[in-house]
J.: 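The structure under discussion is supplied below as structure tokens; questions concerning it will follow.
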Amino acid sequence: VFVGNALVAMYGKQGIVVDALRVFENMPERNLVSWNSMICSFSENGFSNECFGVFRRMLLEEEGLVPDVATLVTLLPVCAGEGGIDMGAVVHGMAVKLGHCDELMVSNALMDTYSKCGLWSESEIIFCMIKNKNVVSWNSIIGSYSREGNKRGTFELFMRMQMEEKIRPNEITILNVLPVCFENSEMMSVKELHCYSLRNGIQSDEMLANAFVAAYAKCGSTRSAEHVFYGMEVRT
RNA sequence: CUACCACAACCUG
């Protein structure tokens, strides 16, 4: 069962959903992780409807198999991508019934779902109710403000997470803040943010470097963009 | 064994 599960997950990550499905269907035995992995494979490859389909099948076919935290947090981003909150609300309801709605990962996924569906106040309410916010919680709310184009709010939250909660921003935080910097071609903010991440030793991985190249380019500073570009270890 | 936040460019709408 374990190898089967691992294979399903692996094929999913490689984008070979057909193989993931083939392994899954041929498994003589399945546990909760098998179903979660299959849902996840579909989700990673954009097959939203089949996510819900598999989920339904799991509830119908497998007696006594109860969704766990992983099931919920796998399903929620799919709901978010659907645009409407209907499915999200259903999953939220299940989380409450199953007593998982206070789990940090579930809360994080829920607020992200609400914000992506345009229900910002719902999202913020959940954010406020989380007592032990982690970096993902903050990244989600910052991403939400940043998508709205709320520059002030984004920076305020960015400061607050560090002052109030002493939570260290990570590379994803930076990637979330960056778009509001260059929406007005604000070279200065991009530079500041860049300096900030270097100073704080935020792991300058490939993604982050690429984001800065793009940001500088959008601000019209080809020189800075080149500078980052040539400093990279890996270029794709 | 699975699972929460981020992910280029281009084109079209």
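Proteins get letters first, then strands, A, B, ... in listed order; numbering begins at 1 in each.
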J.: Which nucleotide wins on minimum distance to the side chain of A:A70, given the candidates B:A6, B:C1, B:A3?
T.: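 Nearest to the side chain of A:A70 among the choices is B:A3.
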
J.: Run the side chain to side chain contact (heavy atoms under 4.5 Å, CB included) test on A:S144 and A:W120 for me, step by step, so that the C-alpha distance in whole Å, both residues' side-chain angles and the decisive distance to 0.1 Å come before the verdict.
T.: CA-CA 8 Å; A:S144 159; A:W120 297 292; 3.6 Å; yes

J.: If you only use heavy atoms from C-beta on, which nucleotide in B:A3, B:C1, B:C5 is closest to the side chain of A:E44?
T.: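 Per side-chain heavy atoms of A:E44, the pick is B:A3.
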
J.: Determine the interplanar angle of the A:H194 and A:F212 rings, folded into 0 to 90°, and report it as parallel if under 30°, tilted if 30 to 60°, perpendicular if over 60°.
T.: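 Parallel.
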
J.: Choose from B:U2, B:C5, B:A6 the nucleotide whose nearest atom is closest to any side-chain atom of A:C40.
T.: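 Closest nucleotide among those given: B:U2.
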
J.: Base, sugar-phosphate alone, or nothing: which one does A:N210 contact when heavy atoms must sit under 4.0 Å apart?
T.: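 The answer is nothing, as A:N210 stays clear of every strand by at least 4.0 Å.
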
J.: Tell me which nucleotide among B:A8, B:U2, B:C5 gets nearest to the side chain of A:A214.
T.: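 Closest nucleotide to the A:A214 side chain: B:A8.
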
J.: Is a side-chain donor or acceptor of A:S146 paired with a backbone partner of A:T154 at a separation under 3.5 angstrom?
T.: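 No, the answer is negative, given that no donor and acceptor are paired below the 3.5 Å cut-off.
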
J.: Does A:A109 reach a base, just sugar-phosphate, or nothing at all? Heavy atoms under 4.0 Å.
T.: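 Sugar-phosphate contact only - A:A109 comes under 4.0 Å of backbone atoms but never of a base.
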
J.: Side-chain N or O of A:K218 versus OP1/OP2 of B:A9: is the shortest distance under 4.0 Å?
T.: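 Indeed, a polar side-chain atom of A:K218 lies that close.
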
J.: Taking only side-chain nitrogens and oxygens of A:K133, does any of them come within less than 4.0 Å of OP1 or OP2 of B:C4?
T.: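 False: A:K133 side-chain N/O out of range (4.0 Å or more) of B:C4 OP1/OP2.
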
J.: Which nucleotide sits closest to the side chain of A:L175: B:C4, B:A6, B:C1?
T.: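 The listed nucleotide nearest to A:L175's side chain is B:A6.
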
J.: Closest approach to the side chain of A:M105, judged atom by atom: which nucleotide of B:C5, B:A3, B:C1 is it?
T.: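 Selected nucleotide: B:A3.
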
J.: Which of the following nucleotides, B:C4, B:U2, B:A6, is nearest to the side chain of A:M207?
T.: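 Given the options B:C4, B:U2, B:A6, the side chain of A:M207 is closest to B:A6.
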
J.: Can you tell which of B:A6, B:C1, B:A3 lies closest to the side chain of A:R147?
T.: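 Closest nucleotide to the A:R147 side chain: B:A6.
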
J.: Aromatic contact between A:W138 and A:F158, with the criterion being ring centroids under 6.0 Å apart: yes or no?
T.: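 For A:W138 and A:F158, the ring centres are not under 6.0 Å apart.
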
J.: Side chain of A:V73: nearest nucleotide among B:A6, B:U2, B:C4?
T.: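 Of the candidates, B:C4 comes closest.
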
